[in-house]
Amino acid sequence: MYSKGKEKTWKFFVLLCGLLMIALPIAIGIFLAVKGNALFYQYHHTLGEFLFTTTWKLKDDLVGGGKGGAAVFIVGSLIVCGLALLIAVPFSLAAAIFMTEIAPKWGTKILRPAVEIFVGIPSVVYGWIGMTVLVPFLQNVFHLKTGRSVLAGGIVLAVMIFPSITTVAADAIRAVPVSARMAAYGLGATRWQVTHQIVMPAAQTSVLTGVILGLARAFGEALAVAMVIGKTPAFPKGIFGQTATMTTVIASRMAELMEGSEAKAGLWTIAFILYLISLFFIFLIHIIAAKGAKKNK
Amino acid sequence: MPTRKEYDEELKVINDLVEAMGQQVLLAIDRTNVALKNLDVVSANAIMKNDAMIDAMETEIEERCIKIVVKQQPIASDWRKLASYMRMIGDLERIADNCSDIAIYIKKLAKLKKAAAPSRLEEAFSDMRKMVADTVTAFHNTDISLAEEVVKADDVIDDLFEKNAEDIKKGIQENIDDLDAYLIYLGIDKYVERMADHVTAVASWVSFIAKGELNIMFTDRYTKESETK
Amino acid sequence: MSEKKATSAKFYVHDLDLFYGSFQALKKINFQIAANRITALIGPSGCGKSTFLKTLNRMNDFVEGCKITGDVQLDGRDIYTSGMSEIELRQRVGMVFQQPNPFPKTIYDNVAYGPRIRGVHRKSELDEIVETSLREVGIWDEFKDRLNKSALGLSGGQQQRLCIARTIAVHPEVILMDEPTSALDPISTMKIEDLAVEMKEKYTIVIVTHNMQQANRISDTTAFFLLGELIESGPTQDIFLNPQNKKTEEYITGRFG
């Protein structure tokens, strides 16, 4: 039964949700921007100082006057996430190819659900397992004083982002039309040639998108990384060294600092930077997708 | 499929029309035979008037065939039939024309003193008539062996033509006054032989419809003739 | 046991049975395909003509549960049992599909793909192969200035002709065409038909078609399939003017299927 009233109400509700979805991130952004800029307006630090100073000695009071910068944490995030990607991507691609090209029946029935289960595991569980299993393991095998390290963080993150990259890559590969593969087989290509030269190039835009999403997730992970990385606000001494990332420093210091203090303002600034970085990732994904679409015209 | 139904119905109509035309030609031959025996001028005129109807039948069948080929793109036996019909009706129409030609001669003969017809003209005429009747039957029944008999029978007619021509020559030598009549008989004899040729072609198209092998029987008179001095 | 084959046959097929699981898709097929001729395979949907075609270049291998018994010989060598690699087979027996399926690459890379996987990497050689192949298909002039544009931007007819060029770039002996024009407009169809007739001088062509007039126009030999059996085959003119089997006549005059 069609009633004009119902239509209107429904349209209004949907519109409200849509607007809310737009408004919310904008509101968060504004909030972070205001809080983040406190460091510069209230406590008179400069952007350059903030980005490049390698020590973190902001005062935990309302007076300020300390010096500090987020260089360590920014670099920490980059190193750990980069390492995670380096570890995860080859495994993800191999798993995706296996699931779709080599053993598709297995793939859909067993592997895909298995991978999807991974995605649902909470990060604290990953962190805990990392802490109790991986860290001692590294400690023993490599004869370290402590297993808490950049390597541990990289491995844990890699395991966390592996399932999402794999599923996106598998979907991308599946989306490549069978006809293109058949054409290649018809020309006498081997399975490896078809996968490598036809399927992967055709899927590459989507796969890249998946990788960036994985990277974004890695960047944003706080808890699991915090539990295995050592939380030392200094540059790591090699892959077995400890460091902190932007997320871990916020997670570990936020509670203990005084409200409105210089140090806390510093943390807000880091949070704002994280926000900007995730915007950047989304933007990057859009650009890649658009270029990919253009290539096919 | 609805289009094929229309197609099949039209094919049947054309088939029946071709057979009907054959029957009309047979009728004209019978009328001509009687008119010739009795030198009946009234009948001769009727035969000639009737020719227009047979011509009209040819035109109608031709049109239907051409239209249906464009519309339905016939192949296999459908096409063999249609291709054959278009050729057969031409020969049938020529046979009917020959009847009218003989009718003109009948009228001329009626004005002349009675002369002796060639002894075997009647025989040739009835043999030829049988050939036409058999062809119509063979067409109706798609009877290949009957059609092949018709083709063989053409030799007999050719033979009779020669014999009749001999008679006429003798007749002219014995009765030079009757030259005009004898020349007319020669003409009629020739027409009978022509009609047999035409119906032989029709019979070979009947074979083609059934067997699918194209084997049009042309007269071998010319080959034979070219081999004599 | 394979019997002696006729000498001028490119393909010799003897007692071929094909099963998809428990379903028998081809029943005791005995057939020969002559070299440098166009052989058309006709029949209603599901009759096995495409299945038969794909047997000739082992593309049926990709179907789960596909089993084949009988002999399929290319130039006297069985393509299933003599140890011939399917890679080598598919270079000798190329295929053009019903839906044009160019790779999502440039026009140049599409045509160069086959030679590249054969080990041809020198640019000058590839350039020559690409040009020759495109010329043979009659699209060189049309495409020579946009070899680096994506093949996906072409029209259906152009894509299909590109696929033909891609297939001949590896110099096959046989070209299998699976309803190559059924997705195309009449003018593209006509161009491809003319092309096929030109090409039979160099290649053996086997074409599956739903279009009887097409089979009639371009093929030398026609084979009629029905429910997995080869009902009748022979010179095309004979099949279409004077078919011996009643079922053949009924199919080609459109009275069933």
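A, B, ... follow the sequence lines: proteins, then strands. Residue 1 opens every chain.
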Any chance you could measure Thr253(C), atom OG1, to Trp79(B), atom CH2, to the nearest 0.5 Å?
->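 Between Thr253(C) OG1 and Trp79(B) CH2, I get 15.0 Å after rounding to 0.5 Å.
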Starting at CG of Leu241(C), measure out to CD of Glu213(B) and round the result to the nearest 0.5 Å.
->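 These two atoms lie 11.0 Å from each other.
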If we only count heavy atoms from C-beta on, is the Arg4(B) to Phe256(C) side-chain gap below 4.5 Å?
->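 No. Closest side-chain heavy atoms not under 4.5 Å.
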Can you confirm whether more than 12 heavy atoms, excluding those of [X], are under 6.0 Å from its [atom1] atom?
X	atom1	answer
Lys200(C)	NZ	yes
Gln237(C)	CD	no
Glu19(B)	CD	yes
His210(C)	NE2	yes
Arg94(B)	CZ	yes

Which heavy atom in Ala76(B) sits nearest to a heavy atom in Ile252(C), and how many Å separate them?
->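 Heavy-atom minimum between the residues: CB-CD1, 3.9 Å.
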Take Asn216(C) and Ile75(B) through the test side-chain contact (heavy atoms from CB on, under 4.5 Å) and record every step on the way to the result.
-> CA-CA 10 Å; Asn216(C) 209 352; Ile75(B) 45 175; 4.1 Å; yes
Would Arg255(C) and Asp8(B) satisfy side-chain contact (heavy atoms from CB on, under 4.5 Å), going step by step from the backbone distance to the final call?
-> CA-CA 10 Å; Arg255(C) 285 178 171 100; Asp8(B) 285 335; 2.3 Å; yes
Can any side-chain N or O of Glu249(C) pair as donor or acceptor with the backbone N or O of Ser77(B) at less than 3.5 Å?
->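 Answer holds: yes.
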